[in-house]
Q: 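My questions all concern the structure below.
Note: hydrogens, waters and symmetry copies are ignored here, and every other heavy atom, side chains too, is used.
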Amino acid sequence: MQGLRAGLAVFARRRDEVLRVAYSREVRPELGEVLRWCASQRVPCQEVSTGELDRIAEGAHHEGLCVATRLRKWLSTSELADTLTRGKGAALALDRVRNPYNVGAILRSAAFFGVDAVLLGTPAPHPGLAPTAVRVAEGGAEHVPLARTTNLADTLARLRARGVRVVGADGQATTGATGFAFGRPAILVVGNEREGLAERVRAQCDAVVAVRGTGSIESLNVAVAAGVLIAEMTRRS
């Protein structure tokens, strides 16, 4: 993964999974604890040129830090259901949201407002988390438990069977999100940037809500809409 805040969050949350670190001279003053830990644990940690970081990150948007880790651990559907039902929690599901900048911004909002988990839904192959999304999340990807599925409708059905309320987001819905009683445990579902919620996913929703605007613009960007909805859902806990 890449990104200064994202990398520091890895060390704060799962440093034992770090395999190696590469950084630029410019960010060295912010990496004191990281450098000391790497030295004590004999984890490879090297100051390299910006060009080398560009090569490692396959791009220039690394913010001076690249961290290689073990594969991320994902919650199973059963573990996700347990998380939500035990604590009457609130989660977020993404239905084929593909733009990594949107995914990262949503994860950042989810972490900021204290969402209990995020479920990534997309057709096979199994959905992962793009390095760009991790960087844009500014550490949010480390503060929110993550689950994934290639059949979101089926996964939502399983959650409903465990007593989790499913609320979909659609700009054309007749029910507004402001003041809506989301209930707990609940999972909010936001849809694809262009197509919105898939029909099979919508069929699993107990309710569908919209963010109301003036009508001069048809809809919000999915990441912005998700932030508004997450704030409303968590405020009414």
Q: Rounded at 0.5 Å granularity, tell me how far CZ in Phe182 sits from CZ in Arg235.
A: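 Here the rounded value is 10.0 Å.
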
Q: Within a radius of less than 6.0 Å around CG of Leu19, do more than 12 heavy atoms belonging to other residues, nucleotides or ligands occur?
A: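 Atom CG in Leu19 is crowded, with more than 12 foreign heavy atoms closer than 6.0 Å.
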
Q: Provide the closest heavy-atom pair for Thr149 versus Thr155 in the form atom of the first, atom of the second, distance.
A: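 Between these two residues, the closest heavy atoms are OG1-OG1, 2.8 Å.
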
Q: Could you pull out the closest heavy-atom pair between Pro131 and Gln2, with the gap in Å?
A: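 Result for this residue pair: CB-NE2, 3.7 Å.
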
Q: So, the side chain of Arg20 versus the backbone of Cys45: is there a donor-acceptor pair under 3.5 Å, distance only?
A: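 Flag not set: sc Arg20 to bb Cys45 has no pair under 3.5 Å.
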
Q: If we ignore hydrogens and angles and just use 3.5 Å, is the side chain of Asp206 paired with the main-chain N or O of Val166 as donor and acceptor?
A: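 Flag set: sc Asp206 to bb Val166 pair under 3.5 Å.
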
Q: Just verifying a value: how many Å separate Arg158 CZ and Thr77 OG1, rounded to the nearest 0.5 Å?
A: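 One finds 5.5 Å between CZ of Arg158 and OG1 of Thr77.
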
Q: Give me the atom names and distance for the closest heavy-atom approach of Arg96 to Gly196.
A: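 Of all heavy-atom pairs spanning Arg96 and Gly196, the closest is NH2-O, 2.8 Å.
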
Q: Same cluster or not: are Leu92 and Leu84 linked, directly or through other Ile, Leu, Val, Met, Phe, Trp or Tyr residues, by side-chain heavy atoms under 4.5 angstrom apart?
A: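 No, Leu92 does not connect to Leu84 through the hydrophobic network.
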
Q: Show the nearest heavy-atom pair for residues Ala90 and Met233, with the distance to one decimal.
A: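 Heavy-atom minimum between the residues: CB-CE, 3.9 Å.
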
Q: Salt-bridge test for Glu79 and Lys73: reply yes if a basic N is under 4.0 Å from a carboxylate O, no otherwise.
A: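 No, no charged N to carboxylate O under 4.0 Å.
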
Q: Check this for me, if you would: do Arg15 and Glu142 make a salt bridge, where the nitrogen-to-carboxylate-oxygen distance has to be below 4.0 angstrom?
A: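 No salt bridge links Arg15 with Glu142.
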
Q: Given 3.5 Å as the limit, does a donor-acceptor pair link the side chain of Glu193 with the main chain of Arg98, or not?
A: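 Yes.
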
Q: Is it true that Arg202 and Asp95 have a side-chain N and a carboxylate O under 4.0 angstrom from each other?
A: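 Salt bridge: no.
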
Q: Counting only N and O atoms by type, is there a donor-acceptor contact under 3.5 Å from the side chain of Arg184 to the main-chain atoms of Lys88?
A: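 Here the side-chain-to-backbone pair exists.
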
Q: Which residue is it: Leu129, Leu75, Leu80, Leu119? I am looking for the one with a side-chain contact (heavy atoms from CB on, under 4.5 Å) to Leu146.
A: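 Per the side-chain contact (heavy atoms from CB on, under 4.5 Å) rule, the option paired with Leu146 is Leu129, out of Leu129, Leu75, Leu80, Leu119.
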
Q: Roughly how far, to the nearest 0.5 Å, is the CG atom of Asn151 from the OG1 atom of Thr122?
A: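 Answer for the OG1-CG pair, Thr122 versus Asn151, is 11.5 Å.
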
Q: Look at the side chain of Asn192 and the backbone N and O of Val97, then say whether any donor-acceptor pair between them is shorter than 3.5 Å.
A: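 No, because the side chain of Asn192 does not come within donor-acceptor range (under 3.5 Å) of the backbone of Val97.
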
Q: Do you know which of Val209, Val167, Asp170, Val208 makes side-chain contact (heavy atoms from CB on, under 4.5 Å) with Thr175?
A: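 Result: among Val209, Val167, Asp170, Val208, Val209 is the only option passing the side-chain contact (heavy atoms from CB on, under 4.5 Å) with Thr175.
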
